[in-house]
Amino acid sequence: MLKKTFFIFFLCNYVFISSCMGIPKNQEDACSILKQKKSWRSALKKTERKWGVSPGMQLAFIKTESNFKPTARTQRKYFLGLIPSGRISSAYGYSQALDGTWKEYKQSTGNRYHRRSNFAHSTNFIGWYVDKSNKLLGISKRNAYLNYLAYHQGQAGYKTGAYKNKKGLLKVAKKTAYNKKLFDGQLKKCL
């Protein structure tokens with residue numbers, strides 16, 4: 001019994017430490033992020049070539065959604081304030097894509113084995129989603145503010161305009177747009 005308890009304790013600590021080690025330290029500097037995560041450079045460039053979405057926008061969305069944590073999840077819900085009863089949504093991974101949207105992405109692109117905890121797969125998802133918003137809603141691929149609102153609310157939700165009454169969301173979209181501009185400027189020096 002003691003060996004089993006020790007093994008479970010060790011495994012939990014390993015998973016926690018491993019997930020923290022992969023998170024960039026300086027999330028305000030795109031060049032620092034790419035210096036720490038060299039493989040991300042090619043993922044950002046590939047998504048830009050394929051979907052026309054700037055690396056700065058990709059990084060800004062991921063920073064907003066998951067703070068670069070590959071296994072990020074939404075908060076838990078509690079029944080009677082004590083008993084865990086699921087999560088607020090099915091959002092998961094770098095991109096915080098919902099289960100249904102991720103399934104649609106995989107079917108649409110043929111990327112059956114893509115995972116939300118994979119950085120390159122998540123950047124490709126963001127590119128696909130922004131491209132889709134451009135086609136369905138006419139949002140410029142350069143407009144991080146409106147694209148983030150469509151990303152967060154879903155394209156159907158964006159069409160209703162309900163986001164206009166969500167001051168907290170508008171503030172987050174504004175910060176995401178600021179980060180996109182900041183990251184794109186920084187990346188001119190190192191990408």
Step-by-step side-chain contact (heavy atoms from CB on, under 4.5 Å) determination, L137 to K159: CA-CA 8 Å; L137 305 169; K159 279 184 183 179; 3.4 Å; yes

Approximate separation, where rounding is to 0.5 Å, of D184 CG and S54 OG: 3.5 Å

Atom of L149, atom of A173 and distance for their closest heavy-atom approach: CD2-CB, 3.7 Å

From CG (L136) to OH (Y129), nearest 0.5 Å: 8.5 Å

A43 versus F119, closest heavy-atom pair with distance: CB-CD2, 4.0 Å

Gap separating the OG atom of S32 from the NZ atom of K25, nearest 0.5 angstrom: 9.0 Å

Donor-acceptor under 3.5 Å (S66 side chain, Y94 main chain): yes

Side-chain donor-acceptor contact under 3.5 Å, Y151 with Q96: no

Plane angle bin for F61 and Y148 - parallel if under 30°, tilted between 30 and 60°, otherwise perpendicular: perpendicular

side-chain contact (heavy atoms from CB on, under 4.5 Å) assessment of K135 paired with D131: CA-CA 6 Å; K135 290 174 180 164; D131 183 69; 3.0 Å; yes

Chi angles and distances behind the side-chain contact (heavy atoms from CB on, under 4.5 Å) call for T123, I62: CA-CA 8 Å; T123 61; I62 290 172; 3.9 Å; yes

Heavy-atom check, side chain of F68 versus side chain of K63, under 4.5 Å: yes

Under-4.0 Å salt bridge between K103 and D99: no

Side chain to side chain donor-acceptor pair (under 3.5 Å) evaluation trace for Q155 with S133: CA-CA 7 Å; Q155 284 125 356; S133 293; 3.0 Å; yes

Main-chain N/O of C31 paired with D29 side-chain donor or acceptor, under 3.5 Å: yes

Exceeds 12 heavy-atom contacts within 6.0 angstrom, atom NZ of K141: yes

Interatomic spacing from NZ in K35 to CZ in R41 - rounded to 0.5 Å: 11.0 Å

Side-chain heavy-atom pair T47, N124 within 4.5 angstrom cut-off: yes

Centroid-centroid under 6.0 Å between Y163 and Y158 rings: yes

Polar side chain donor-acceptor pair, K180 to Q58, under 3.5 angstrom: no

Test item: T176 side-chain N/O and A60 main-chain N/O as donor-acceptor pair under 3.5 Å: no

R142 CZ: over 12 foreign heavy atoms closer than 6.0 Å: no

W128 and T109: side chain donor to acceptor below 3.5 Å: no

Cationic N near anionic O, under 4.0 Å, E104 to K132: yes

Closest approach of N147 to I139 (non-hydrogen atoms, all atoms of both residues): ND2-CG2, 3.4 Å

Side chain proximity check, I33 to N26, heavy atoms < 4.5 angstrom: no

Atom of F183, atom of A30 and distance for their closest heavy-atom approach: CD2-CB, 3.8 Å

Full working for side-chain contact (heavy atoms from CB on, under 4.5 Å) between L59 and N179: CA-CA 8 Å; L59 288 174; N179 285 334; over 6 Å; no

Any donor-acceptor pair under 3.5 Å from H121 side chain to R116 backbone: no

Candidate pair K166 and Q153, rule side chain to side chain donor-acceptor pair (under 3.5 Å), full reasoning: CA-CA 11 Å; K166 298 179 179 180; Q153 297 294 282; 2.9 Å; yes

Heavy-atom check, side chain of H152 versus side chain of L169, under 4.5 Å: yes

Aromatic ring pairing W102/H114, orientation class (parallel under 30°, perpendicular over 60°, tilted between): tilted

From CG (N118) to CG (N111), nearest 0.5 Å: 10.5 Å

Any L44 side-chain heavy atom under 4.5 Å of L34 side chain: yes

Between T71 and S117: side-chain donor-acceptor atoms closer than 3.5 Å: no

W51 side chain reached by V130 side chain, heavy atoms, under 4.5 Å: no

